[in-house]
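Encoded as structure tokens, the structure appears first; notes follow it.
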Amino acid sequence: MTGETNLSQTTTAGSFSGAGLACRRGGRLVFTGLNFKLTAGGALVLRGPNGSGKTTLLRVMAGLTPSAAGTMSWNDKVIDDPDAHARNLRLITHLDAIKPALTVSENLSFWMTLWNKPDDQRLQKALQAFDLSRLASYPARLLSAGQRHRLALARLLVAPAPLWLLDEPGNALDTASRDALARAILAHRAAGGMVIVASHEATFVSDGETLDLGLFTPKTVVHWSDDESVEAAE
Amino acid sequence: MTGETNLSQTTTAGSFSGAGLACRRGGRLVFTGLNFKLTAGGALVLRGPNGSGKTTLLRVMAGLTPSAAGTMSWNDKVIDDPDAHARNLRLITHLDAIKPALTVSENLSFWMTLWNKPDDQRLQKALQAFDLSRLASYPARLLSAGQRHRLALARLLVAPAPLWLLDEPGNALDTASRDALARAILAHRAAGGMVIVASHEATFVSDGETLDLGLFTPKTVVHWSDDESVEAAE
Amino acid sequence: MHRFANPTQFMRIANAIFPWAAGLAVVLFVFGLPIALITSPADYQQGDTVRILYLHVPAAIMAELIYYAMAAGSAAFLIWRHPMANLVAKASAPMGAMFTALCLICGMLWGEPMWGTFWVWDARLTSTLIMFFFYLGYLALGDAFEDPERGDRASAILALVGVVNVPIIKFSVNWWNTLHQPASLSLTKSNMTGDMLLPLFLMLGAYSFFYLAVLIIRVRSELLAAKIRNARMSQIAGHEAAQPAE
Amino acid sequence: MSVFSALLARDLRLALRQSADSLTVVAFFAIATVLFPFGVGPEANILARISGGVLWVTALLAALLSLDRVFTVDYEDGTLDQLVLSGAPLPLVVIAKVLAHWLTTGLALIIVSPLLAITLHLPMEGYAPLLLALFLGTPTVSLIGAVGAALVLGTRRGGVLLALLVLPLYIPVLIFGTAAVESAVTGISSDGPLLVLGGLAVLALTLCPWATSAALRQAVE
Amino acid sequence: MSVFSALLARDLRLALRQSADSLTVVAFFAIATVLFPFGVGPEANILARISGGVLWVTALLAALLSLDRVFTVDYEDGTLDQLVLSGAPLPLVVIAKVLAHWLTTGLALIIVSPLLAITLHLPMEGYAPLLLALFLGTPTVSLIGAVGAALVLGTRRGGVLLALLVLPLYIPVLIFGTAAVESAVTGISSDGPLLVLGGLAVLALTLCPWATSAALRQAVE
Ligand code: HEM
Ligand SMILES: Nc1ncnc2c1ncn2[C@@H]1O[C@H](COP(=O)(O)OP(=O)(O)OP(=O)(O)O)[C@@H](O)[C@H]1O
Ligand SMILES: Nc1ncnc2c1ncn2[C@@H]1O[C@H](COP(=O)(O)OP(=O)(O)OP(=O)(O)O)[C@@H](O)[C@H]1O
Ligand SMILES: [Mg+2]
Ligand SMILES: [Mg+2]
């Protein structure tokens with residue numbers, strides 16, 4: 001497991017924070033007035049009952065979904081270029097972006113090339129970390145649910161990025177794979193990386209801060225096109 | 001929670017067993033020589049690492065995927081009509097069969113009508129059991145991952161069937177919903193129903209038997225078109 | 001039935017047949033082609049172009065026969081789940097498509113001197129073209145799935161659906177054609193003599209044995225490919241056993 | 001029978017709630033037809049000569065496009081698994097779905113076809129047989145299309161592959177459909193072609209639901 | 001640039017591994033073209049008169065059908081989320097995907113078109129301008145189609161809706177494409193229409209990738 005520290009080393013150690021964030025989905029304020037701050041090596045666990053907005057918040061943090069109010073900052077500078085911000089992060093959701101016709105290693109090396117540069121040794125280590133080495137030449141269509149999810153997780157290790165956003169990363173994983181994930185997270189944080197995890201289960205970060213989205217219920221219901229009421233609700 | 005016993009009452013108490021089952025996926029024997037037996041009120045937990053064949057076995061048990069060898073019996077009679085067998089069971093997988101354009105209660109009442117007969121009281125109870133009552137008139141596209149999964153689980157309660165087949169039913173559920181599911185399973189079994197669960201997590205059945213599919217490795221590899229070797233491998 | 005479904009059994013028979021089929025195909029081509037293309041009499045009306053007939057007509061006949069063989073194999077596969085029947089159907093399809101293409105190309109080349117155009121929308125031509133599309137559809141569908149086993153089942157169903165349609169097409173296209181344009185193929189039929197029948201049958205025989213020989217080669221290589229796939233799988237499974245960690 | 005009506009009701013409700021869908025099919029029919037004057041040139045006599053054929057071909061293509069996804073969504077979201085497991089006769093399930101589809105798209109195509117015929121200068125006598133032929137022919141088109149749609153479930157390029165599979169099967173419908181219009185325009189009775197279209201519809205109704213069920217069953221394996 | 005080549009290589013590899021796909025597009029083109037003689041009747045002079053238009057319309061429809069799913073799979077399996085998050089310029093991503101698509105389908109359409117022209121009795125002089133016009137026109141078709149394909153992501157009836165959105169935009173290509181063939185057949189130089197087609201291609205290349213990126217970005221919101 002010594003290799004993993006190497007895999008996760010991040011080029012920009014930094015801080016990531018949000019202030020006064022609000023988000024509307026389907027005409028309803030999912031959360032509002034939300035603040036968070038994360039520094040190098042830190043971890044944040046998103047908790048809350050189903051529908052409390054964990055997935056939504058992760059997509060806001062990734063810059064995919066625009067927030068209705070508030071700002072996010074990277075190294076204390078407000079994020080205004082979503083593309084630049086995107087290069088600092090990896091997002092893992094339940095959509096696994098795996099092509100069934102390509103083999104396991106082809107799938108992985110595509111993302112590696114896209115994000116960084118081809119590096120076969122690194123690829124092998126990433127496969128190893130999630131016990132996929134012996135499946136490397138398998139077409140991905142043959143994988144089971146858990147194996148697919150492990151392949152998605154292996155993407156975290158093929159190119160360095162300081163911020164990991166993980167949406168229920170334990171889904172479908174067996175015990176050995178859960179341990180592998182926990183180790184990968186530890187190594188990433190040890191190298192100065194940051195991790196945000198949304199999960200219902202025993203978490204993969206023991207010492208992280210917790211952000212409970214359940215506290216935002218009962219939600220303020222506002223008219224979807226009325227910007228002022230968002231401000232008012234904050 | 002008194003209503004749930006009522007919801008789960010089964011018309012045919014029975015037994016369900018399999019002998020010498022084998023299944024091939026993608027040119028490989030996933031398991032072979034597999035036996036199981038379940039009687040009224042019984043529960044079976046499928047365990048095993050990722051890719052060991054839990055999902056495959058559940059689909060074989062449901063009669064969707066044909067087995068390469070072996071037979072299954074219902075009430076000690078060999079199952080030869082898959083349609084008749086299908087009427088005895090409910091299958092829950094990660095594909096949730098939910099129509100985003102219909103409301104939560106419309107989604108549920110469609111399946112109720114298909115399987116049984118419309119019964120508004122029963123529908124309300126099923127919604128209540130998984131804490132969906134206040135979302136009843138929501139279009140399903142607005143649901144979060146966990147809410148969707150709860151809606152899929154509520155299908156178990158709208159029409160009686162003696163056998164429940166559940167593939168990782170805990171995925172994406174928050175703690176309250178996990179408890180609700182555990183209660184529903186208990187009530188079903190108390191009424192003489194049978195449950196088979198594939199799960200990596202702390203299980204929802206405390207006293208069930210365990211079938212460990214991990215034991216079938218190393219897998220016997222056979223020529224895909226060579227029927228005799230399947231018999232030999234058993 | 002299950003005896004024959006066993007690939008080992010099947011290959012034993014096929015291997016015994018193969019040298020004969022291949023040999024006969026070569027012999028018949030060697031004798032038939034010169035007779036067909038050089039020594040047979042020229043037609044008093046069409047001249048030497050009549051020789052295309054000896055390539056064209058047997059190809060048309062083969063194309064149809066192979067379609068029925070393919071449908072029969074597919075039916076056996078669907079009903080009794082015979083993997084070997086499916087292999088035969090799958091191996092036949094490209095051959096059928098090839099013979100259909102040969103028939104079409106020869107016909108078009110012949111049409112230019114005979115009718116002054118490469119193509120007319122005549123009943124026969126049209127139904128041949130449609131059969132060609134059925135072959136293409138079968139091949140494309142079989143290849144379109146991530147899971148090859150699904151492709152096998154889906155294309156087998158398609159082959160059966162297509163066989164229902166072939167007679168309908170033949171009939172309906174005739175009906176359509178009589179509205180617009182008389183059939184064009186009756187003129188040579190009457191002066192088909194013994195001199196012409198000999199090369200015709202030689203070529204038909206050559207085509208048939210060629211088909212049989214290639215069929216055996218294709219089935220054999222499919223079986224080998226499956227063996228190689230399985231060897232790779234077993235390697236992977238072996239590793240899995242060595243690593244109890246998972 | 002409750003399966004049949006429950007499924008029909010659900011599919012109709014889904015179609016109504018997303019009413020843009022049948023409008024879209026009609027719009028495709030209109031636009032593809034209207035492309036022809038651009039491609040072929042605006043001469044009225046040429047257009048009149050080809051109008052019956054163009055209307056039928058574009059109607060077939062429109063139907064095909066809309067059939068493409070008739071089972072796809074159910075397949076992808078797991079509804080098909082559950083329908084197969086409902087224990088109901090699968091051919092009945094197929095007929096319910098095809099009927100819902102025809103009611104929401106085939107009917108719409110028939111209704112707008114006279115309007116498009118005007119833009120293509122179809123002669124007066126052609127209108128009645130065109131409508132009748134479409135009425136008898138479109139159910140066959142839907143039934144055959146369902147077989148193809150079930151076969152291509154799970155492939156990557158559903159649309160084009162479906163077209164490749166079912167267009168050859170549509171040729172009899174096309175031949176007799178246009179024959180009905182042509183013969184009326186040239187003054188012959190169009191009873192013959194219409195009768196054949198009716199026969200094809202009966203044949204399709206007896207064979208296609210079974211073929212479709214077989215295809216669906218193997219799709220969920 | 002590594003994004004461009006990585007994506008192009010991956011898409012080409014996917015297409016090659018599933019080589020049936022481009023064959024399917026070609027087969028659709030062939031079948032749809034061949035439907036016209038059935039619809040219109042087999043007279044050579046009528047067919048020759050409409051051959052240019054029919055070939056262009058069916059090529060457009062074939063391209064459209066194949067474009068339908070150019071982003072869909074990436075959208076549904078989450079690849080699009082990741083591509084947007086790659087931080088690479090999205091227009092470049094779009095151009096790589098469209099180029100891969102054109103190489104595997106547009107080129108194939110061009111190659112078979114002369115064969116189909118024979119069956120429609122296109123006059124001899126029409127072949128060269130037909131090929132040239134297709135060569136200049138199909139990239140435009142792919143680029144415009146990509147905008148539509150990105151806009152309809154996440155809708156249920158992608159295929160028909162896409163057709164509705166982009167077919168009107170194809171009309172200029174269609175007009176000048178057929179004009180190139182027609183003028184050659186009637187003995188006029190076809191340089192004018194071909195020049196316009198080239199201009200349209202340049203215009204499409206400068207505008208469409210941006211519009212497509214915007215559409216993709218809002219699709220993943
Ligand atoms: C592309 C064009 C053509 C196609 C697709 C075509 C197709 C066929 C087919 C399907 C058959 C039927 C074989 C059978 O089942 O008995 C056939 C037979 C035949 N064709 Fe062609 N043909 C074409 C052009 C021609 C031309 C130009 C000629 C010469 C004038 C010709 C002469 C014949 C003759 C003499 C037979 C045998 C007739 C019989 O025994 O029934 N064909 N062709
Ligand atoms: N469609 C398929 N085609 C070929 N092989 C498959 C297919 N689906 C699954 N397999 C193979 O079958 C085996 C069993 O898969 P299955 O999904 O049943 O495992 P599982 O126990 O449910 O795993 P997980 O815990 O990851 O869900 C795997 O090794 C997988 O590679
Ligand atoms: N596409 C959407 N359109 C409209 N509303 C949505 C959409 N997606 C989610 N929502 C709403 O936003 C709220 C938050 O959903 P989200 O998926 O973020 O919850 P979550 O905390 O991730 O829940 P879970 O634990 O079930 O995954 C939910 O109440 C849901 O109804
Ligand atoms: Mg979530
Ligand atoms: Mg599983």
Side-chain angles (χ1 to χ4, degrees), chain A residues 23-25 55-56 58-68 79 81-103 106-119 139-141 148-149 151-152 155-156 158-159 161 163-165 167, chain E residues 1-24 69-97 100-101 104 150 153-154 209-210 213-221:
Chain A
C23 189
R24 241 177 350 218
R25 292 311 297 259
T55 303
T56 308
L58 283 177
R59 291 181 75 86
V60 169
M61 287 170 164
L64 285 174
T65 305
S67 60
I79 295 167
D81 175 3
D83 278 349
H85 178 54
R87 278 187 287 269
N88 287 328
L89 63 88
R90 297 277 170 270
L91 172 69
I92 302 285
T93 64
H94 58 284
L95 293 175
D96 49 25
I98 289 170
K99 295 294 165 193
L102 300 181
T103 66
E106 280 169 348
N107 264 298
L108 210 50
S109 76
F110 166 67
W111 292 108
M112 174 178 248
T113 326
L114 200 71
W115 286 327
N116 195 12
K117 52 183 191 305
D119 173 351
R141 76 186 147 76
R148 280 179 77 103
H149 190 54
L151 175 52
R155 272 208 303 270
L156 290 171
V158 292
L163 176 62
W164 289 1
L165 302 173
D167 194 5
Chain E
M1 209 54 192
S2 87
V3 173
F4 187 82
S5 58
L7 203 57
L8 184 62
R10 187 202 65 158
D11 274 25
L12 287 179
R13 174 177 294 167
L14 278 173
L16 286 183
R17 201 152 296 177
Q18 311 164 343
S19 61
D21 287 3
S22 24
L23 291 182
T24 316
R69 297 181 72 73
V70 67
F71 298 117
T72 318
V73 180
D74 281 353
Y75 172 72
E76 286 170 355
D77 73 5
T79 302
L80 202 58
D81 282 354
Q82 301 292 341
L83 286 176
V84 170
L85 287 178
S86 74
L90 213 47
L92 204 67
V93 169
V94 170
I95 293 176
K97 284 201 74 78
H101 179 265
T104 51
L153 279 180
W210 270 261
S213 318
L216 289 180
R217 214 175 269 278
Q218 61 85 26
V220 299
E221 265 190 19

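Quick note: numbers below take in every heavy atom, side chains included, and nothing from hydrogens, waters or symmetry partners. Order of the sequence lines sets the chain letters (A, B, ...), proteins ahead of strands, with each chain counted from 1.
If you measure heavy-atom distances from Arg155(A) to chain E, the contacts under 4.5 Å come from the side chain alone. Using a 4.5 Å cut-off between heavy atoms, Arg87(A) contacts chain E through both its backbone and its side chain. In this structure, the portions of Ala62(A) lying under 4.5 Å from any heavy atom of chain E include both its backbone and its side chain. Looking at Leu7(E), both its backbone and its side chain come within 4.5 Å of chain A, counting heavy atoms on both sides.
Rounded to the nearest 0.5 Å, atoms NZ (Lys99(A)) and CG (Asp11(E)) are 8.0 Å apart. The CG atom of Leu64(A) lies 4.5 Å from the CG atom of Leu85(E); values are rounded to the nearest 0.5 Å.
With contacts defined as side-chain heavy-atom distances shorter than 4.5 Å, the pair Leu83(E)/Leu114(A) qualifies. Taking the side chain as every heavy atom from C-beta outward, Leu102(A) and Arg10(E) approach each other to under 4.5 Å. Contact annotation: the side chain of Thr79(E) approaches that of Trp111(A) to within less than 4.5 Å [non-hydrogen atoms, C-beta and beyond].
Chain A is approached within less than 4.5 Å, heavy atom to heavy atom, by Val73(E), Asp74(E), Glu76(E), Asp77(E) from residues 70-77 of chain E, ordered by number.
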Derivation and outcome, side chain to side chain contact (heavy atoms under 4.5 Å, CB included), residues Leu95(A) and Gln82(E): CA-CA 10 Å; Leu95(A) 293 175; Gln82(E) 301 292 341; over 6 Å; no
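Considering only heavy-atom pairs separated by less than 4.5 Å from chain E, the leading option among Ser109(A), Pro118(A), Pro66(A), Pro82(A) is Pro66(A).
When every heavy atom of Ala97(A) is checked against every heavy atom of Gly78(E), the shortest pair comes out as CB-C, 3.7 Å.
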